[in-house]
Amino acid sequence: MLAAGTLRHRITIEHPVEVQDEAGEPTKQWQEIPAQARVWAKREDLAGRELFQAQQVNAQVTTQFTIRWRSDIDARMRVVSDGVTYPIEAPQDPEGRRESLVLLCSRSVN
């Protein structure tokens with residue numbers, strides 16, 4: 001069970017929505033998921049690494065957010081925390097008990 005004191009970060013969960021721009025072309029926008037998209041979370045930066053791609057250095061940070069259990073979150077969504085966007089790579093129920101949900105995220109830092 002998650003103790004309330006460990007959930008110190010307020011995050012927003014967003015999902016992609018396809019809309020049409022002025023020219024009628026489909027574009028992707030992000031919107032908060034409908035049911036209580038702003039939740040309290042425990043945030044942990046797990047690792048930082050640098051990747052050399054095409055002779056450029058790309059730093060990558062892996063962060064995990066732990067929230068109370070929800071069944072409406074998937075890997076197409078993203079987390080916004082303190083103005084920083086984190087794509088969700090894998091939502092996981094660590095103990096299989098539907099008490100908490102771990103959102104494993106990683107983002108590039110340039």
Apply the test side-chain contact (heavy atoms from CB on, under 4.5 Å) to residues Val19 and Thr27: give CA-CA distance (whole Å), side-chain angles for both, the deciding distance (0.1 Å), then the verdict. CA-CA 5 Å; Val19 297; Thr27 61; 3.6 Å; yes
Start with the C-alpha distance between Glu14 and Arg78, add both sets of side-chain angles, then the distance that settles salt bridge (charged side-chain N to carboxylate O under 4.0 Å, His left out), and finish with yes or no. CA-CA 5 Å; Glu14 298 179 335; Arg78 70 183 188 179; 2.6 Å; yes
Trace of the side-chain contact (heavy atoms from CB on, under 4.5 Å) decision for Gln92 with Leu101: CA-CA 6 Å; Gln92 302 173 342; Leu101 189 65; 5.8 Å; no
side-chain contact (heavy atoms from CB on, under 4.5 Å) for Ile33 and Asp72? Distances and angles first, verdict last. CA-CA 9 Å; Ile33 58 175; Asp72 60 345; 3.8 Å; yes
Start with the C-alpha gap between Ile13 and Val39, add the side-chain angles, then the distance that decides, and say whether side-chain contact (heavy atoms from CB on, under 4.5 Å) holds. CA-CA 8 Å; Ile13 302 168; Val39 298; 4.1 Å; yes
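In this structure, CG on Leu46 lies 4.5 Å from CD on Gln64, to the nearest 0.5 angstrom.
Side-chain atoms of Asp82 never come within 3.5 Å of backbone atoms of Val84 as a donor-acceptor pair (strictly under, hydrogens ignored). Judged purely by atom type and a 3.5 angstrom limit, Asp93 uses its side chain to pair as donor or acceptor with the backbone of Arg98.
Contact detail for Arg43 and Phe65: the closest heavy-atom pair is CG-CE2, 3.6 Å. Here the closest non-hydrogen pair linking Tyr86 and Arg107 is CE2-NE, 3.2 Å. Across all their heavy atoms, Asp74 and Ile88 have their closest contact at O-CG2, 4.0 Å. In this structure, Met77 and His15 approach most closely via the heavy-atom pair CG-CB, 3.9 Å. Here the shortest heavy-atom pairing between Lys42 and Leu7 reads N-CD2, 3.6 Å. Closest approach of Pro91 to Ile73, counting heavy atoms only: CG-O, 3.8 Å.
At a threshold of 4.5 Å between non-hydrogen side-chain atoms, the residues Thr62 and Leu104 count as touching. Using a 4.5 Å cut-off on side-chain heavy atoms (C-beta onward), Pro94 and Ser100 make contact. The side-chain heavy atoms of Gln20 and Glu25, taken from C-beta on, include no pair separated by under 4.5 Å. Looking only at side-chain heavy atoms (C-beta outward), Arg70 and Gln36 come within less than 4.5 Å of each other. Between Glu89 and Leu103 the shortest side-chain heavy-atom distance does not fall below 4.5 Å. Ile67 is not listed as a side-chain neighbour of Trp40, based on a closest heavy-atom distance of 4.5 Å or more.
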